[in-house]
Each structure stands twice: as structure tokens, then as C-alpha cells.
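Values in this document were obtained by computation on a predicted structure and should not be read as measured data.
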Amino acid sequence: MDREARVFAESHFRGLEGCLPGRVCPKLDRVDFIEKPDSFSYADFFKGYLLPNLPCVFSSAFTEGWGSRRLWVTPSGKPNFDYLLQNYGDVVVPVANCGVREYNSNPKEHMPLRDYISYWKEYIQGNYSSSRGCLYLKDWHLCRDSSAEGVFTLPIYFSSDWLNEYWDALDVDDYRFIYMGPTGTWSPFHADIFRSFSWSVNICGRKKWFFFPPGQEEALRDCHGSLPYDVTSPTLLDSRLHPMRDHCSPPLEVTQEAGEMVFVPSGWHHQVHNLEDTISINHNWVNGCNLANMWHFLQQELCAVQQEIIEWRDSMPDWHHHCQVIMKSCSGINFEEFYHFLKVVAERRLLLLAKGMGPGKVEGGKGTRLGPQQAAFDIGRIAEVLESVVAHPDFQRVDTTAFSPRPEELLQQLEEAVAATTSL
């Protein structure tokens, strides 16, 4: 990030006046296609898509040097089962059954990759049908489970990735995934975890995406208040079941070809279908542009938990603490961990500014490219959200006596850094 982009971004957020980023977007009739890497800069992406929270598709030219596109794919463009078996056959992977609905998702089992590929081959031979159902390998943490060196190179457009930066620092998890499955596998209607951004690259195969801008999903709720499982289902045409359906605009539809890269903005609900045998690499990520969306989502999640167990508020000891425990169990994070997430990223940015470090290097899909302007922007965004966190009544009930630094102390450090970097 250069100074001009940082000033542009800070002006953008000042203009929101307390509104959530990306909640109001222009009416789109198509998703932009970015053709040439040489003529599309980080600043172009940052100003044109990341800040306004709009989707786009990058051409296959952006990923043509990836090892996975060369090694994981046969000359005819199909999954290279032999290579995958030889290199990852014994790895245990999560597999969802697309033919079985479990709430608004699919049940999962775990099996060695070689067993899944055996199923996949049989599924193809059976004319894309099996008594075992339609199985989809989803959320395989390849980067966490083994080396991803040479598999892909993190595009610079997505390099400000706090979510994976945080989990890498803890060395316990990540939000980098491999998906693979036969024609007909699909992901039900959803918005991404924590209202993160995501990107998805087809290593081979084709996908059909259905995108709904933030807020449009509300018109899709049924008469019981539930979001749909499948937005292509004819039941959505039943006005008695979906009384608000006519208030929802048609989705933006995107067909993603092999090698192409889709940017999914924060809070955009979507549904994805594999039109061919497909392998994709996908990351979820959060940074200063959607941090406020993540914080708003966490507040909503806590409110939902509190409403579920409101009847025990007066009789249950430490009711507020139990709400936080349940929230973490359901959502993967609670207010305490959100503070630690902010703290880890903030301290790394403060250290970067203190040392005057230059850009970092990205290797094997990990790491960040950070300069002083990006660090200053990040600190400003964290300070704004942390101020809201510290003032929140439910965060004030969290025991922070063992936190180092205390939230108020960290906020003061950030505010001082913001003042000091005004002229940077």
C-alpha cells in the first residue's frame, strides 16, 4: 500500500459515518473480469473491489505459474488422481455428503484421500451416481497438515490476511482449504465465516456461483425466518413459504473456468455448484477493510446465544460467561479471543513501525507483504474497532485482569501510533 491508497482508504471509512463497510453497494448486473496481471495493481484492487466490497474474477493468467495447476491436473484438464494419490494418499480428509441436509449444511465424515479418490473414480464410472451419495471433499487444511510449497503463490491482492496471520502465530489452525469433487457437488447457500472475505481458484474444472449482495438474503427468509438451503429450489417461488421473495433481486451469476480466481466480498451470501470434476484452493481472510463487519457479526452471534438461553439468565451462575463459552463453541471465537486476535495483529504492526521494516516476503502461501503505510492503515482500523470492543457492556464483563497489555492500554498505544503516523 502506498500513501495515496492509505489516504484514500481513510477518507473512505470516515465517509461511512458509523455504517458497516459494504452494506450499501451499487446495483450490479455483472461481475468484473480482470484480464491482465501486468496492468492491474494492488491499488487497483484495493480501491475498486476491496474497499467497496464488490466481487470480481481474475483470469487464469494470474495463476498460470502455480505448481498445482501443472501437477494436479492431467494434460486433458482432469484431476490427476495418480499424482494426488502418490503425494497425499494417506492424508485423512473431511468429506461432506451433498445429498443429505443437516440444518443448512451437510454432514461430514473423514477418510484417507485414497479412499475418497477411489469413490470418485467409481462415481464417474457409475455415470456420476453412487449408492453412497454425492460426496464432496471440503475444508482440507493442506497448508496446516503438510507443506504447500510450490502448490500455489499467495496473490498480492490477498496478502493482507489477518485471519491466517493470527492462526499462524498460534500455530494451531488456519483458514486455507482445498476443495475437490465430481460434477454435481455443491455448497449450500451461506455467507463466509466471521463475515470474512474469501478467494477461490479453480485448479481444474468449472464452478457456477450465485451471489447476493449484503442485505438481499433477508428477502429470501421463509415464513419461519430461516434462510434457504438451496436458492435454486422451486420452493422459493412459493409466496406463502417465502413471502418476501419478490423483494430480492436476481443473483449475480458467475461461471468460473479453470485457473480463474474469484474474489468473494464480506457478507455476500452465495451458493456454488461444480459443473465438472473440480479442484479448488480457497482462503478466508480478514483485514482492516472488513474488520468492522467481523465485529458486528460477533455481536450478532452473542445476541443470538443470549436469546436462546435467556430464560436461565437469573438462575444460572455466571450466565454471561456461559454465553461466551457457547458462542465460542458455535462460532469458533468469542469476545475474549477476538481481543487476542486484535492484540496479536496490532502488536505486530506497532513493531513493524517501530523498526521501520520494509515489505515482507510471501512463500508457500504463507506470510504477508507489509510496508509502513499498510501498517499505519491497519493500526487505525484496529483502534477504531477496539474502541467499540472496550466500550461494549458484554466485553466489560470479560475478566481481563490477566491480559497483557490490558485492552485500555493497547487502545492508548494504538491511538498514540495513529497520531504519530498522520504525516507518515
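No close placement of the F341 and W167 rings is indicated, their centers lying 6.0 Å or farther apart. Two rings, from H392 and F338, have their centers 6.0 Å or more apart.
Expressed to the nearest 0.5 Å, how far CG of D192 lies from CH2 of W199 amounts to 13.0 Å. Here the CZ-CD1 distance, from R69 to I281, works out to 10.5 Å after rounding to the nearest 0.5 Å. The distance from the CD1 atom of I279 to the CE atom of M180 is 4.0 Å, given to the nearest 0.5 Å. In this structure, CG in L163 is found 11.5 Å from CZ in F197, a value given to the nearest 0.5 Å. Distance check, rounded to the nearest 0.5 Å: CG of N334 to CD of Q324 gives 5.0 Å.
Remark: side-chain polar atoms of Y119 are paired, donor with acceptor, to backbone N or O of L135 under 3.5 angstrom. Not one N or O on the side chain of S266 forms a donor-acceptor pair closer than 3.5 Å with the backbone of S196. In this structure, the side chain of D222 engages the main chain of G225 through a donor-acceptor pair within 3.5 Å. Remark: side-chain polar atoms of Q256 are not paired, donor with acceptor, to backbone N or O of W209 under 3.5 angstrom. A donor-acceptor pair is defined here as one N or O able to donate and one able to accept, closer than 3.5 Å; no such pair exists between the side chain of S200 and the backbone of N282. No donor-acceptor pair closer than 3.5 Å links the side chain of N287 to the backbone N or O of D161.
Nearest heavy atom pair, residue Y229 against residue Q271, reads O-OE1, 3.7 Å. Across P214 and E217, no two heavy atoms sit closer than the pair C-OE1, 3.8 Å. Scanning all heavy atoms of the two residues, the minimum distance from R381 to L291 falls at O-CD2, 3.9 Å.
Within 6.0 Å of NE2 in H321 there are 12 or fewer heavy atoms belonging to other residues, nucleotides or ligands. The environment of E4 atom CD is dense: over 12 non-hydrogen atoms of other residues, nucleotides or ligands sit within 6.0 angstrom.
Only one option out of R348, H340, E337 pairs with Y166 in a side chain to side chain donor-acceptor pair (under 3.5 Å); it is E337. With Y157 as the partner, the ring-ring contact (aromatic ring centres under 6.0 Å, His included) test is satisfied by one option alone out of F58, W285, F263, Y42: F58.
Between Y49 and F40, the two ring planes are tilted [angle within 30° to 60°]. Relative ring orientation between F158 and F45 is described as perpendicular, the plane-to-plane angle rising above 60° on a 0-90° scale split at 30° and 60°.
H190 and H270 form a side-chain donor-acceptor contact under 3.5 Å, judged by distance and modelled atom types alone. Side-chain contact, N127 with S129: no donor N or O sits under 3.5 Å from an acceptor N or O. Residues N274 and Y179 bring no donor and acceptor atom of their side chains to less than 3.5 Å of each other. Using modelled atom types and a 3.5 Å distance limit, the side chains of D378 and Q374 yield a donor-acceptor pair. A donor and an acceptor atom, one from each side chain of S118 and D115, are nowhere located under 3.5 Å apart.
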Would you please test Y83 and V73 for side chain to side chain contact (heavy atoms under 4.5 Å, CB included) and show each step?
CA-CA 9 Å; Y83 181 87; V73 185; over 6 Å; no
For F62 and I34: C-alpha separation, side-chain torsions, deciding distance, then whether side chain to side chain contact (heavy atoms under 4.5 Å, CB included) applies.
CA-CA 9 Å; F62 287 83; I34 315 301; 3.7 Å; yes
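With contacts defined as side-chain heavy-atom distances shorter than 4.5 Å, the pair R6/F377 qualifies. At least one side-chain heavy atom of L84 sits under 4.5 Å from a side-chain heavy atom of W72. Looking only at side-chain heavy atoms (C-beta outward), P94 and F177 stay at 4.5 Å or farther from each other.
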